[in-house]
Every structure is written in structure tokens, then in C-alpha cells.
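Read the numbers this way: they start at 1 and go in the same order the structure lists the ligands and their atoms. Counting begins at 1 with the first residue of the sequence.
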Amino acid sequence: MTLRSGSDGQKTTFIGAWFRATVGAAYSLAMALPSRAMRPRVVRLAREFGYDHRVGPRPTLPTMEIHEAAPDVAIRVREPLSADGNVTLLELTVLNALVAARRPERIFEIGTFDGRTTLNFAANAPDAAVYTLDLPTASIPALAVHSDDRQFIGRSQGGARGARFRAAVERERITQLEGDSATFDYSPFAKTVDFVFVDGAHSYDYVMSDSRKALELAAPGALIAWHDYGEWEGVTRALNELHASDTRFGAMRHVRGTTLALLEV
Ligand SMILES: C[S@@+](CC[C@H](N)C(=O)[O-])C[C@H]1O[C@@H](n2cnc3c(N)ncnc32)[C@H](O)[C@@H]1O
């Protein structure tokens with residue numbers, strides 16, 4: 001039996017799609033228990049049925065639209081395919097446009113991971129020195145981390161750190177720093193950084209600490225960007241609280257349709 005889907009005589013057979021979806025869903029559901037890699041697929045499937053994967057507080061930051069956040073400039077997109085732990089392609093587009101328009105001389109990223117965003121910063125800010133900080137191999141975080149953070153830390157420490165820019169032409173403008181973002185000595189960079197990207201550990205304690213460190217780094221007129229707002233409980237709670245209780249964070253905005261938050265200092 002062949003049931004055609006679509007109204008214009010497409011050759012898609014519904015039974016073929018149904019069979020593949022059924023087998024795929026069953027496989028994903030079964031494998032999600034032993035395999036972490038399969039879990040995001042199951043969460044995406046659950047979201048189709050109205051499941052809200054967010055736990056913790058609702059985002060309360062004032063919002064801005066993407067067209068207000070991202071300047072209309074030409075950008076370069078390096079390494080467009082994202083891995084779990086990277087920013088989305090849309091978020092990368094916004095970050096690249098911000099960097100390309102602002103032409104920062106110094107960029108500081110907390111949380112290198114595989115270096116996809118680091119590489120894009122360097123590609124879109126041709127005059128910039130890009131610094132990116134991550135935990136050294138075999139070190140243990142000083143503050144509490146979320147259990148899922150251990151996965152990213154493990155992959156980073158296991159060899160992924162900076163892999164995306166290792167052979168890139170922009171490599172010479174990228175400096176990899178090793179340290180714990182809570183205890184790192186930021187004094188050589190204090191008030192000199194034009195663009196700070198906070199994307200390290202996602203626990204409340206770390207986001208509170210990293211956000212305050214980001215302010216210390218920021219030169220007058222700098223932009224600070226955070227990732228994972230509205231997605232990770234610790235990030236959402238920390239940024240909601242900083243915005244509500246600390247006037248230095250009062251102008252922070254959530255870019256609607258993304259998990260980015262921005263603050264012009
Ligand atoms: C979500 S990943 C960063 C993703 C990356 N910024 C990107 O855009 O692709 C988080 C990174 O933060 C690092 N990290 C976690 N805790 C840290 C800490 N206390 N100090 C420095 N880096 C940390 C992890 O090792 C991991 O590489």
C-alpha cells in the first residue's frame with residue numbers, strides 16, 4: 001500500500017516516513033537511557049508535545065528583538081555546524097554581527113570548549129586579540145557546578161578544547177588561557193576588554209561570579225554577552241537576580257528567540 005503525502009503528487013510515501021519515524025523514535029527512546037548523546041533528541045521530541053524542559057525561574061529580563069541586537073553588517077561564519085555545547089547558528093550570527101560592527105581590539109571569552117565561537121570572534125574582528133579561558137586538564141572547579149556541566153568539562157579536558165581553531169589562520173590572534181574562572185587572576189585585563197562573552201559553567205554560583213568578573217574586565221563602552229539565559233536554571237536565576245538587584249546590570253537585555261543576554265557597559 002502506498003499513501004502519497006502532499007497535494008502536488010510528490011513521490012513521498014507516507015508509510016515509508018511512518019515506518020522510519022516509528023523505528024527511529026523507538027530506538028531513540030531505548031538508547032536515551034544508556035546513551036547521553038541520544039537524550040537531546042528525546043527532549044526535542046517531547047517538546048513537540050508541549051513538554052517544557054526548563055526548570056527553575058522564568059526569564060524576567062526585558063527583551064530586545066534580534067534586528068535591534070544584531071547590526072546589519074557582513075559577517076563571516078566559520079564552522080557553521082554546531083555541536084552540543086556550542087551556540088546555535090542564529091546565536092552565532094548575532095554574536096558575529098556584534099563583533100563585526102563593533103570592531104573590538106580585545107575580546108575575552110569565559111568557556112572555550114571546542115573553540116567554535118572563539119574562532120568566529122577572531123574571524124569577524126580582524127584587529128582583535130582574542131583571549132579564551134577554560135579549566136586546565138584534571139583540575140576540579142572551585143565552586144559548585146551543575147551535573148551536566150561535568151560532561152562539557154570532561155570533553156574539554158579530554159582534548160576538545162580549542163580544536164576548532166587549532167589549524168585556523170586566525171590562530172595566531174587567539175590566546176588560550178588556563179584557569180578556573182572563579183579564581184583566575186584577571187588583573188592584567190582589568191577594564192581593557194571591549195567584548196566579553198560569558199559561557200563557562202552554568203551553575204548559579206559560577207554565573208554570579210563570572211558576571212561580576214566580566215564587569216571587572218569590561219572597558220568603558222564594552223559589550224558583555226551571556227549564553228544559555230532562559231535555558232539553564234542557574235544562568236536564568238543568576239541573571240534575573242543581578243538585573244533586579246545590582247544597578248550595574250540594570251541595562252541587561254534578553255535577545256528574544258535566542259538564549260543570549262547583552263549588556264552595554
Ligand atoms: C558550554 S561550554 C562553552 C561553549 C563555547 N563558549 C562555545 O560557544 O562553543 C562551557 C565550557 O566552560 C568550561 N568551564 C566550566 N567550568 C569552568 C570554570 N570554572 N572555569 C573555566 N572554564 C570552565 C568547560 O570546560 C566548557 O569548555
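Atom 1 (C) of ligand 1 has as its closest protein heavy atom Gly85 O, 3.3 Å. In terms of protein heavy-atom proximity, atom 2 (S) of ligand 1 is nearest to Phe113 CB, 3.7 Å. For atom 7 (C) of ligand 1, the nearest non-hydrogen atom of the protein is Thr117 OG1, 3.4 Å. Remark: minimum distance from atom 3 (C) of ligand 1 to any protein heavy atom is reached at Asp199 O, 3.2 Å. Annotation: atom 16 (N) of ligand 1 to nearest protein heavy atom, Ala201 CB, 3.5 Å. Atom 26 (C) of ligand 1 has its closest protein heavy atom at Asp134 OD2, 3.6 Å. With hydrogens left out, the protein atom closest to atom 23 (C) of ligand 1 is Leu135 CG, 3.8 Å, a heavy atom.
Close contacts between ligand 1 and Asn86 involve ligand atoms 7 (C), 9 (O) [criterion: under 4.0 Å to a heavy atom]. Listed by atom number, the atoms of ligand 1 under 4.0 Å from Ser181 heavy atoms are 18 (C), 19 (N), 20 (N), 21 (C). Interface of Gly200 with ligand 1, defined as ligand atoms under 4.0 Å from a residue heavy atom, comprises 10 (C), 12 (O). For ligand 1, the atoms sitting less than 4.0 Å from at least one non-hydrogen atom of Thr112 are 5 (C), numbered in the order shown with element in parentheses. Counting the atoms of ligand 1 from 1 in the order shown, those under 4.0 Å from a heavy atom of Ile153 are 15 (C), 16 (N), 24 (C), 25 (O). Here is the list of ligand 1 atoms found below 4.0 Å of a heavy atom in Glu109: 5 (C), 6 (N). For ligand 1, the atoms closer than 4.0 angstrom to any heavy atom of Ser156 are 25 (O), 27 (O). Each of the following atoms of ligand 1 lies closer than 4.0 Å to a heavy atom of Asp180: 19 (N), 20 (N).
No hydrogens or angles considered: nothing links the side chains of Gln176 and Tyr131 as a donor-acceptor pair under 3.5 Å. Judged by distance alone, the side chains of Thr112 and Arg161 never bring a donor and an acceptor atom under 3.5 Å apart. Donor-acceptor pairing under 3.5 Å is lacking for the side chains of His146 and Ser203. With 3.5 Å as the limit, one finds a donor-acceptor pair spanning the side chains of Thr118 and Glu109. When only modelled atom types and interatomic distance are considered, Asn240 and Arg58 share no side-chain donor-acceptor pair under 3.5 Å.
At a 4.0 Å heavy-atom cut-off, ligand 1 touches His202 through the side chain alone. At a heavy-atom cutoff of 4.0 Å, ligand 1 is contacted by the side chain of Tyr206 but not by its backbone.
Geometrically, ligand 1 and Gly111 share a nitrogen or oxygen pair separated by less than 3.5 Å.
A salt bridge links Arg164 with Asp114: the distance from a Lys NZ or Arg NE/NH1/NH2 to an Asp or Glu carboxylate oxygen falls below 4.0 Å. Salt bridge Glu68/Arg253: absent, no basic N to carboxylate O contact under 4.0 Å. Comment: Asp246 engages Arg248 in a salt bridge, judged by a side-chain N to carboxylate O separation of less than 4.0 angstrom. The pair Glu233-Arg237 meets the salt-bridge criterion, with a side-chain N (NZ, NE, NH1 or NH2) lying under 4.0 Å from an Asp/Glu carboxylate O. One finds a salt bridge joining Glu264 and Arg102 here, because a Lys/Arg side-chain nitrogen approaches an Asp/Glu carboxylate oxygen to under 4.0 Å.
Side-chain contact between Arg78 and Arg116 is absent, with no heavy atoms from C-beta onward closer than 4.5 Å.
Relative to atom 21 (C) of ligand 1, the option among Ala160, Ser139, Gly179 with the closest non-hydrogen atom is Gly179.
Here the CZ-CZ distance, from Phe197 to Phe121, works out to 5.0 Å after rounding to the nearest 0.5 Å.
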